[in-house]
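See structure below.
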Amino acid sequence: MPRIVVADPDSIRQAAAILRSGGVIAFPTETVYGLGARTLDERAIEAVYELKGRPADNPLIAHVVDPHQAQTVLADDAWNSRCDALASRFWPGPLTLVLRKSDRVGSRATAGRSTIAVRSPRHSVARQLIDAVGEPISAPSANRSGRVSPTTAQHVQMEFADVDAAHDLLILDGGACDVGIESTVLDMTVQPPRVLRHGSVTLEMLQVTLGEVDAPIVTAQAHSPGTSASHYAPRTPAELIAGSEMKATLARRAAAGVRCVVLCFDVAAAASPHRAIVMPRSDERYAHDLYERLRDADALGFDRIVIERPPGDSHVWRAVLDRLKRATCMSADAID
Ligand code: TXA
Ligand code: MG
């Protein structure tokens with residue numbers, strides 16, 4: 001069983017020692033927990049892919065303390081004044097930049113690409129850990145591939161509880177993640193820069209700093225493999241339903257003997273035999289709670305999870321909706 005240890009100077013030093021000797025550990029960031037290995041350690045990176053069951057063509061994000069350390073894994077002229085502007089506005093924080101990589105970085109961490117994704121996390125435990133290692137740490141979200149991302153140390157432990165190779169995995173517990181959904185991923189190798197994954201750093205915020213920014217609906221594997229349709233999926237089949245269709249849908253399901261856990265905004269939306277889980281009406285609170293509530297819904301062991309489509313259209317709601325579509329395996333353009 002993976003070990004949870006409260007993050008403190010001692011356990012952070014211990015985790016750093018494991019990383020330096022070629023191991024893998026799990027650690028908190030402000031978005032979700034990550035499963036980390038040293039970016040420059042190809043064998044340890046390989047172990048991360050194996051533990052996650054992650055497809056080899058899906059590259060990892062290198063976590064750094066600052067722009068200076070980011071540049072140690074980037075091509076010489078990759079970091080430009082626009083990157084400086086982004087970093088001074090959004091780092092440390094949930095913005096990931098895709099840039100041309102340095103030859104020092106092996107092909108495993110970047111899935112054979114000529115680019116690498118870099119981000120400077122805001123969580124103090126992540127920062128202390130990277131500082132203690134003194135090098136970038138590559139880390140995907142600490143869930144089994146295709147599953148719901150973890151926002152607590154206990155989620156990580158549950159994800160890997162029955163994975164033999166993770167029996168001695170060290171999980172630094174830094175509490176529940178602030179943001180709750182993964183970072184915004186921005187491709188800076190194209191002009192205009194392009195959002196590959198929506199997150200809490202919104203398109204509007206990026207446009208203020210950069211001017212024109214592209215945000216196509218990304219469903220294909222081509223640009224950013226982790227944005228493929230079936231992602232963040234609970235085990236229970238899940239569907240996304242407009243509030244206006246909720247009553248009729250739940251009546252049909254009940255008539256068919258199908259019991260649903262309903263992620264909705266009003267407890268009255270789901271009467272017996274269904275069960276309501278009431279979600280926050282604020283976009284940021286919803287994002288914060290989403291993965292934990294999906295796990296709760298899964299754990300109830302009902303036949304189906306029904307999610308009420310959030311009514312708002314702020315950019316944070318759009319990032320949330322993007323995760324909901326993937327959790328319910330809908331193609332992102334199917335219901336737009
Ligand atoms: O908030 C986050 O970003 C969390 C925490 C742990 O930092 N990490 C995370 O990692 O969500 P992961 O591996 O689950 O998602 C990384 C995303 C994927 O969609 C991946 O395809 C994309 O970033 N990505 C990584 N490197 C890339 C590259 N060189 N080019 C394009 N997309 C890349
Ligand atoms: Mg992930």
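Quick note: numbers below take in every heavy atom, side chains included, and nothing from hydrogens, waters or symmetry partners. Note that the numbering runs from 1 along the sequence shown for the chain.
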Problem set entry | V208 side chain reached by R89 side chain, heavy atoms, under 4.5 Å |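 Contact flag for R89/V208 side chains = no.
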For this session: Find out whether E135 and T39 are in side-chain contact, i.e. whether some heavy atom of one side chain is under 4.5 Å from a heavy atom of the other.
Result: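 Contact flag for E135/T39 side chains = no.
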Side chains of [X] and [Y] only: does a donor on one sit below 3.5 Å from an acceptor on the other?
{"X": "S81", "Y": "D84", "answer": "no"}
{"X": "R295", "Y": "Q154", "answer": "no"}
{"X": "S183", "Y": "T31", "answer": "no"}
{"X": "S149", "Y": "E182", "answer": "yes"}

For this session: Classify the ring geometry between F265 and Y286 as parallel (under 30°), tilted (30 to 60°) or perpendicular (over 60°).
Result: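 If you compare the ring of F265 with that of Y286, the planes turn out tilted.
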For this session: Mind telling me whether W79 and W91 have parallel, tilted or perpendicular rings, with 30° and 60° as the class edges?
Result: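 W91 vs W79 ring planes: tilted.
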I'd like to know if the side chain of [X] and the backbone of [Y] have a donor-acceptor N/O pair within less than 3.5 Å.
{"X": "H63", "Y": "I137", "value": "yes"}
{"X": "Q128", "Y": "S124", "value": "yes"}
{"X": "R285", "Y": "R281", "value": "no"}
{"X": "T184", "Y": "L95", "value": "no"}
{"X": "Y33", "Y": "C177", "value": "no"}
{"X": "S102", "Y": "A75", "value": "no"}
{"X": "K52", "Y": "S141", "value": "yes"}
{"X": "H274", "Y": "V262", "value": "no"}
{"X": "E245", "Y": "I241", "value": "no"}
{"X": "Q157", "Y": "A153", "value": "no"}

If you round to the nearest 0.5 Å, how far is [atom2] of [Y] from [atom1] of [X]?
{"X": "R38", "Y": "I45", "atom1": "CZ", "atom2": "CD1", "result": "9.0 Å"}
{"X": "L172", "Y": "I25", "atom1": "CG", "atom2": "CD1", "result": "5.0 Å"}
{"X": "L60", "Y": "R54", "atom1": "CG", "atom2": "CZ", "result": "5.0 Å"}
{"X": "T209", "Y": "F90", "atom1": "OG1", "atom2": "CZ", "result": "4.0 Å"}
{"X": "L35", "Y": "R144", "atom1": "CG", "atom2": "CZ", "result": "10.5 Å"}
{"X": "L206", "Y": "L86", "atom1": "CG", "atom2": "CG", "result": "6.5 Å"}

Exercise. Are the charged groups of D41 and R20 less than 4.0 angstrom apart, N to O?
Worked result: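 Judged by the 4.0 Å cut-off on N to carboxylate O distance, D41 and R20 do not form a salt bridge.
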For this session: Tell me, yes or no, whether the heavy-atom count around D77 atom CG, taken from other residues, nucleotides or ligands under 6.0 Å, exceeds 12.
Result: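 Yes, enclosed.
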Problem set entry | Intermediate values then yes/no, side-chain contact (heavy atoms from CB on, under 4.5 Å), V32 and N143 | CA-CA 10 Å; V32 299; N143 50 283; over 6 Å; no
Exercise. Is the Lys NZ or Arg CZ of R108 less than 6.0 Å from the centre of Y49's six-membered ring, within 45° of the axis?
Worked result: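 Yes; both conditions hold, so R108 lies above the ring face of Y49.
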Give me the atom names and distance for the closest heavy-atom approach of [X] to [Y].
{"X": "A142", "Y": "F160", "answer": "O-CE1, 3.2 Å"}
{"X": "A26", "Y": "L169", "answer": "N-CD1, 4.2 Å"}
{"X": "A111", "Y": "P59", "answer": "CB-N, 3.7 Å"}
{"X": "R323", "Y": "I181", "answer": "CG-CG2, 4.2 Å"}

Problem set entry | Verdict with supporting geometry, R326 and D322, salt bridge (charged side-chain N to carboxylate O under 4.0 Å, His left out) | CA-CA 6 Å; R326 296 179 207 287; D322 168 78; 2.4 Å; yes
Exercise. Under a single-linkage definition using a 4.5 Å side-chain heavy-atom cutoff for Ile, Leu, Val, Met, Phe, Trp and Tyr, are V5 and V133 assigned to the same hydrophobic cluster?
Worked result: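 Yes, V5 and V133 fall within the same hydrophobic cluster.
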